[in-house]
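Here is the structure we will look at, set down as structure tokens.
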Amino acid sequence: MSLTRPTVLGYLVPLLAIIVLVILLTVTLYRLTDIQRAMRNNASANMTWVIYQAHTESLLLTNAVQQSLIAPHQESNLAHRYQMLLSRIDVLGDGPQKRALEAMGLAEPLLEQANAAMQLGPRFERGHIDAADYEHTREVLHAFSDLLQSASGRAMRTEWEEAGARLDIYRNAVLTVFFLMIGIWICGAVISIQLLLALKKTRDNERIRLRGIELQRQLEHERRISELYRSFGSMVSHQFRTPLAIIDATMQRLIRAGDRMTKEEINHRAGKARQATQRLNQLIENILQADRYMEQLDVSMQPCQLAELANQAVSEYRTIAPKRDIRLVDETGGNSTAQCDSVLTVQILGNLLSNALKYSDEDTGISVRVSCQADWVCCEICDKGDGIAVHDLPHVFKRYFRAPDATDIVGTGIGLHIAMELATLQNGDILVCSERGRGSCFTLRLPCSPQHFRQSHAHEPGPAPTRIDRGNV
Amino acid sequence: MQHTITQGWRLLLATSLLFGLAIAGIRPAFASGNTNVRQLPPPSGDVLLIIDGAITSTNDGTEAHLDLDAIRSLPAYSLHTSTAVTDGVKHFEGVLMRDLLQLVGASGAMVEAGALNNYSVDIPIADFHDYDVVLATHMDGKQLLPSDKGPFWIVYPRDEWRQLQDIRYDYRWVWQLNRLTVK
């Protein structure tokens, strides 16, 4: 991996920041536990107080000694005061206090003096002091008191030193944590900025992707429109050329041999030209009407018997083409209820029937079969014409599409397109299957009931018809 | 040594007796004013602990004067714990402070504990209900004496509760305890 600028900025910097952050957090945590531990270890002996207490008891004992000397016959509290001093000496000699005194270098002289005082114990317990003993007793107790007095000063200094040192430790630790926190703050900021940048980049990428999809969609739309124009051009060129050619040829003939023609012949030829003109007009009218028709469409869905609608359409075409053999078969057993608009459905069936009649020979029959398949009610209209080429099948429902081999039959390529649109409006569709030389079958499928809209119908019985998506214009 | 200590306590006893006689005159009036007052048996030995203040059981005016027998009449309790002023874990024997306060019918929020050296500290009575605080008479099997930390030492179960390992509890460990005032 080469160290390019984006690599450094995108990966190395945040990675480094995270590592540093983890290290800083760990060190901070360690320092904080240090402080916490140091704070708990503050149970040092309160030496100033202990020494002060011993000093007081020593002075009180001295006082009691003097009292006993001044008033030898009074009840003396020498013994009690001595007990109290003993108790203080006992505390001084106990573990924590003794260690503190040792640290101050006071343990040995103090305990030595304490021992000297305890040597005098029997005198105090006796309850009185003789004049002979007084001087020595006073000296011993004074020496002890003096030593305790200076010791209390030393103890105070030591304790203050310790307190100062402890505060130093706390202050340094807090300062360290303070700087560590600044480091953590900086690392956090770096990571946050990286995150924000990454987020922005993701958003930008998403926007670019959506823009790409939109462009793709527009391109597709453009492609469809251009295809539509091509189909339109192709249809116009074929459909309009024939009548134009008829008109042109008739006019040439009239120009060239008009003076030799009888009036009847001229009329006959002019009539042909006019027919061609009418056809042109009809074509144009059909094209314009198709758009208007789709715009003004009003769909009213209700349960209808498809077999009855098929019968209507068939009857109509039997009148139009009385010579053709149109057979209607109802395989539903009398129940072919579909959810649809009856008028639109008859129009679809009419369109399919007219196509069947148009694209097959006069002496061939047309079969119309109504059946139920899963959630669908179907009406299949089959002819025995030339069929549709396999490569044309996917295009038959596209607007203005005319199969190249059927251009001699008049048509705009709008009929099937509209039929499919109408079927879709009713939640149905039209399937087509065809075989060259044997004929074509168009099947209108409509949903049985309102709940069963077409969702997924993977299983189609019989030969799988080619499912054609309607051209999207 | 034991002999002279007894002497000392005798002195204390004498003083308290004198004090008791002095207030004897007002005692009936006090008793009739407070019907809840319960009489404690008079001490037969040296009075080691005086309890006064908001208490209902007394044996000397408004005070309860307790000797070692009176203390020992309460359920014995023992406890192992370290202390702030000694090394290692010590074994204390004595009675629970809450039992003692119940004995004298104490009602209040605080107890002022006083020691032979005039040290005094206010202890919340809640401490005695929250923790098994002991009025120790013995340490490591040896009776506490005024020459060490006797006659009584208030001992907290320091090793059982982390919050008791705090200098703010250490000063409640009154040794040479000789007086309690319920407030």
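Lettering follows sequence order; numbering is per chain, from 1. Everything numeric here is computed off the predicted structure, so don't read it as measured data.
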Are any of the side-chain nitrogens in B:Asp87 or A:Lys98 under 4.0 Å away from the carboxylate oxygens of its partner? no
Counting heavy atoms not belonging to [X], are there more than 12 under 6.0 Å from its [atom1]?
{"X": "A:Met181", "atom1": "CE", "answer": "no"}
{"X": "B:Gln102", "atom1": "CD", "answer": "no"}
{"X": "A:Glu161", "atom1": "CD", "answer": "no"}

Output for pair (A:Trp49 CH2, B:Tyr171 OH), nearest 0.5 Å, gives 13.0 Å
Rounded to the nearest 0.5 Å, what separation is found between the CZ atom of A:Arg88 and the CD atom of B:Gln176? 4.5 Å
Identify the residues of residues 51-65 of chain A whose heavy atoms come closer than 4.5 Å to a heavy atom of chain B, ordered by number, or report 'none'. A:Gln53, A:Glu57
Side-chain (A:Ser87) to main-chain (B:Ser147) donor-acceptor, under 3.5 angstrom: no
Hey, mind stepping through A:Met84 and B:Asn117 against side-chain contact (heavy atoms from CB on, under 4.5 Å) and telling me if it holds? CA-CA 8 Å; A:Met84 294 299 287; B:Asn117 65 338; 3.7 Å; yes
Applying salt bridge (Lys or Arg N to Asp or Glu O under 4.0 Å), can you list everything that pairs with B:Asp67, at least two apart in sequence or on another chain? none
Non-hydrogen atoms of B:Asp148 and A:Asp90 that approach each other most closely: CB-OD2, 3.5 Å
